[in-house]
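Note that ligands are numbered from 1 as they come in the structure, with each ligand's atoms numbered from 1 the same way.
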Amino acid sequence: MLHWIVCPTREAQAKACAAVLAAQVLQKPDSVLGLATGSTPLAIYREMIALQNEGVVNFSNVRTFNLDEYIGLSHDHPQSYRSFMETNLFVELGLRSEQTHVPDGMAEDLSAECAAYEQAIEQAGGIDLQLLGIGHDGHIAFNEPAEAFTRTVFVATLTAATISANQRFFARPEDVPRTALSMGVGSIMRANRILLSAFGRDKAEIVRDAFTGPVTPQISASILQFHPDCTIVLDEEAASAL
Ligand code: F6R
């Protein structure tokens, strides 16, 4: 079941997403939140920090699981997703490392790390609310166009398009990792609630195709049409092809 929220501006769009996350945590202070990296969540994380600083909500008791991490980057590498989360959210919210989980891209045994991460989510009681962005090819986490939906945390090979989109964060193109540990589509679909955020004209066509077109592993976000509780928050530009 898809619920749509279209906001007049990018700023209002981020505030609406932060409000959904805040409402979840007001109801259940130790909520398990699934979190994302990339451009989309940045303004949302700033709004969450502002809400906590204003005393509206206290996020400091949440537990978090990130969607993905590059393989081959240590957690203290400046471009690792762990570093991104520490800098843009965790430190400001006062979250300790025991509360936050990001897959270990330096694990020696990657399939054991995948299994352990999936199990850690289950042991935490599952994800209450999962925040997602969407890639230009319709990917959620690193579920690139494929023949079948992935079920659990897996080793993902990034497509050329995703590598080039991610290049903006690295000094040289050859520095962009080619593989990542990623939640599977099944891991995401098991979350109780989903919050998918998208803004900007460049996301308009994929938002239309993913949520009003056929459900297909070629556009992994399309599976969210079958999720019982998925809220899609857009600005007017991202909603402009609907
Ligand atoms: C990030 C992630 C990705 C991004 C997607 C959109 O953890 O899993 O699926 O959500 O690539 O990225 P941005 O927000 O940079 O457009």
J.: Does Arg10 pair with Glu236 as a salt bridge, N-O distance under 4.0 Å?
T.: no
J.: Donor-acceptor check, side chain of Thr162 to backbone of Leu158, threshold 3.5 angstrom: yes or no?
T.: no
J.: Could you tell me, for ligand 1, which of its N or O atoms are under 3.5 Å from any protein N or O, listing the pairs and their distances rounded to 0.1 Å?
T.:
residue, atom, partner, partner atom, Å
ligand 1, 7 (O), Thr37, N, 2.9
ligand 1, 7 (O), Thr37, OG1, 2.9
ligand 1, 7 (O), Asp68, OD1, 2.8
ligand 1, 8 (O), Asp68, OD2, 2.5
ligand 1, 9 (O), Ala141, N, 3.3
ligand 1, 9 (O), Ala141, O, 2.8
ligand 1, 11 (O), His139, NE2, 2.7
ligand 1, 14 (O), Ser39, N, 3.3
ligand 1, 14 (O), Thr40, N, 2.8
ligand 1, 14 (O), Thr40, OG1, 2.4
ligand 1, 15 (O), Ser39, N, 2.8
ligand 1, 15 (O), Ser39, OG, 3.2
ligand 1, 15 (O), Arg168, NH2, 3.2
ligand 1, 16 (O), Lys203, NZ, 2.8

J.: Would you call the rings of His139 and Phe142 parallel, tilted or perpendicular, taking 30° and 60° as the class edges?
T.: tilted
J.: Could you walk me through whether Arg193 and Ser31 pass the side-chain hydrogen bond (donor to acceptor under 3.5 Å, both in side chains) check?
T.: CA-CA 12 Å; Arg193 296 171 64 211; Ser31 287; over 6 Å; no
J.: With ring centroids as reference points, do Tyr117 and Phe65 lie under 6.0 angstrom apart?
T.: yes
J.: So that I know where these two stand, are Tyr70 and Phe170 an aromatic pair - ring centroids less than 6.0 Å apart?
T.: yes
